[in-house]
Amino acid sequence: MIHFDSVTREYPRRGAALRDVDFRIRKGEFVFLTGHSGSGKSTTLRLLHFADRPTRGEVRVAGFTSSRTTSRDVWKVRRRVGIVFQDFRLLPGRTAQENVGFALEVTGTPTKAITARAQRLLSQVGLGSKAGASVNELSGGEQQRVAIARALANQPEVLLADEPTGNLDERATRGIMELFRELNAMGMAVLMATHDLELVRRHDSVRVLELDQGKLVFDSAVTTEGAAG
């Protein structure tokens with residue numbers, strides 16, 4: 001489902017954000033991506049969403065490859081790969097339903113179907129009763145649920161999350177994690193970047209990839225397999 005093959009991403013002024021990174025994530029797998037600020041987590045997600053391209057190596061996700069997918073076809077990747085951000089990135093002053101509906105409109109959903117589809121998505125994330133509420137009136141946890149509903153608009157095979165609980169309190173964090181686990185149980189691959197090691201420890205059955213200064217320094221799946229062998 002996700003392949004990073006010897007991926008390096010260099011920038012003219014910053015130098016290498018990622019250095020020769022290799023990993024695989026299977027269909028339906030849940031993975032934490034950890035590391036200090038500046039370790040390369042956000043760059044990894046940008047590469048997987050094709051918002052950026054590797055300097056060397058190749059990224060493959062949901063059947064698309066970085067070397068063969070043109071800029072004109074990136075929208076096809078976005079229909080298979082959803083993404084959720086720490087700062088929600090909702091349309092201010094709009095309702096929850098309008099925010100989700102906008103994502104559906106952009107992807108060509110027939111106008112007559114948008115309202116019902118947006119309502120179903122909001123119900124899926126536990127916000128069916130808040131569809132008509134302005135996002136400005138919602139709590140942080142509720143706003144993140146709207147963002148997740150929006151990311152699910154195209155029924156993606158892969159869900160990327162960049163520090164999705166970074167601005168939330170403990171109770172909201174638990175709710176968002178439960179939602180991610182439910183989506184994962186339905187067969188969706190989830191890659192969640194986080195610096196919250198306590199959150200990672202509470203979900204010790206989840207695979208962990210750790211980056212440090214752009215290098216992959218730990219993969220719990222490899223460690224587990226080595227111990228089993």
Side-chain angles (χ1 to χ4, degrees), residues 1-4 7-9 11 14-49 51-52 59 61 81-89 125-126 139-145 147-148 151 158-186 188-229:
M1 182 57 65
I2 291 175
H3 288 197
F4 251 50
V7 172
T8 292
R9 182 60 175 109
Y11 297 96
R14 290 169 48 197
L18 292 175
R19 307 179 188 190
D20 199 29
V21 174
D22 282 283
F23 64 83
R24 307 281 188 275
I25 296 177
R26 299 185 302 274
K27 181 178 180 179
E29 191 172 8
F30 195 123
V31 180
F32 283 126
L33 181 64
T34 67
H36 296 295
S37 178
S39 62
K41 300 189 301 297
S42 293
T43 299
T44 298
L45 296 188
R46 285 178 55 81
L47 290 170
L48 286 170
H49 205 231
D52 202 351
V59 175
V61 56
V81 182
I83 188 164
V84 178
F85 301 96
Q86 177 179 355
D87 56 0
F88 317 141
R89 302 194 185 183
V125 301
S139 69
E142 289 171 335
Q143 290 187 54
Q144 191 61 286
R145 287 175 182 269
I148 294 169
V158 177
L159 182 61
L160 308 174
D162 193 0
E163 303 280 0
T165 62
N167 289 332
L168 305 181
D169 60 26
E170 184 176 347
R171 180 178 178 182
T173 293
R174 286 199 304 269
I176 293 301
M177 281 303 302
E178 288 172 5
L179 178 56
F180 279 143
R181 296 304 293 265
E182 289 170 5
L183 293 169
N184 176 243
M186 295 167 61
M188 191 179 299
V190 178
L191 177 62
M192 177 178 167
T194 182
H195 66 273
D196 186 348
L197 296 183
E198 182 58 34
L199 178 66
V200 173
R201 281 191 285 267
R202 288 202 302 267
H203 298 271
D204 57 5
S205 63
V206 175
R207 179 183 173 192
V208 178
L209 300 174
E210 182 181 353
L211 293 170
D212 184 26
Q213 297 183 346
K215 294 184 177 182
L216 184 65
V217 296
F218 177 74
D219 182 347
S220 64
V222 173
T223 303
T224 302
E225 289 169 4

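A search for side-chain hydrogen bond (donor to acceptor under 3.5 Å, both in side chains) contacts involving T194 returns nothing, not counting sequence neighbours. Qualifying salt bridge (Lys or Arg N to Asp or Glu O under 4.0 Å) partners for E142, counting only residues two or more places apart in sequence or in other chains: K130. Every side-chain contact (heavy atoms from CB on, under 4.5 Å) that I2 has, sequence neighbours left out, goes to F23, I25, L48, V61, V158. Partners of R201 by salt bridge (Lys or Arg N to Asp or Glu O under 4.0 Å), not counting sequence neighbours, listed by chain and number: E198. Under the rule for a salt bridge (Lys or Arg N to Asp or Glu O under 4.0 Å), R14 has no partner lying at least two apart in sequence or in another chain. R89 meets the salt bridge (Lys or Arg N to Asp or Glu O under 4.0 Å) test with D87; sequence neighbours excluded.
In the displayed structure, Q213 atom CD is contacted under 6.0 Å by at most 12 heavy atoms of other residues, nucleotides or ligands. Within 6.0 Å of NE2 in H203 there are more than 12 heavy atoms belonging to other residues, nucleotides or ligands. H3 NE2: more than 12 foreign heavy atoms inside a 6.0 Å radius.
Closest approach of R24 and R207 over heavy atoms only: O-NH1, 2.7 Å. Considering all non-hydrogen atoms of both residues, A172 and G141 come closest at CB-CA, 3.9 Å. When all heavy atoms of A193 and P164 are compared, the closest pair comes out as O-CD, 3.7 Å. Taking every heavy atom of both residues into account, G40 and L18 meet most closely at O-CD2, 3.7 Å. Here the closest non-hydrogen pair linking R181 and S205 is NH2-OG, 3.8 Å. Of all heavy-atom pairs spanning A189 and M1, the tightest one is CB-CG, 4.2 Å.
Side-chain atoms of E29 never come within 3.5 Å of backbone atoms of M188 as a donor-acceptor pair (strictly under, hydrogens ignored). A donor-acceptor contact shorter than 3.5 Å links the side chain of R145 to the backbone of G175. Listed for the S220 side chain is a donor-acceptor partner under 3.5 Å among the backbone atoms of V208. No donor-acceptor distance shorter than 3.5 angstrom exists from the side chain of D212 to the backbone of K215, with no hydrogens or angles considered.
Checked for salt-bridge contact, R174 and E170 meet the test: a charged N lies under 4.0 Å from a carboxylate O.
Considering L45, L33, V84, V190 in turn, L45 is the only one that fulfils the side-chain contact (heavy atoms from CB on, under 4.5 Å) rule with L160. The side chain to side chain donor-acceptor pair (under 3.5 Å) test with R9 is passed by exactly one of T44, T43, D52: D52.
In this structure, the separation between CG on N184 and CG on L179 is 11.0 Å, given to the nearest 0.5 Å. For the atom pair M186 CE and E182 CD, the distance stands at 9.0 Å (nearest 0.5 Å). Rounded to the nearest 0.5 Å, atoms CG (L168) and CD (Q143) are 9.5 Å apart.
Residues M192 and L199 meet the side-chain proximity criterion, which asks for heavy atoms closer than 4.5 Å. Looking only at side-chain heavy atoms (C-beta outward), E210 and V200 stay at 4.5 Å or farther from each other. Annotation: side chain of F4 is not in contact with side chain of L216 (no heavy-atom distance under 4.5 Å). A 4.5 Å side-chain heavy-atom check between Q144 and N167 finds every atom pair outside the cut-off. Side chains of F218 and L209 form no contact here, defined as non-hydrogen atoms less than 4.5 Å apart.
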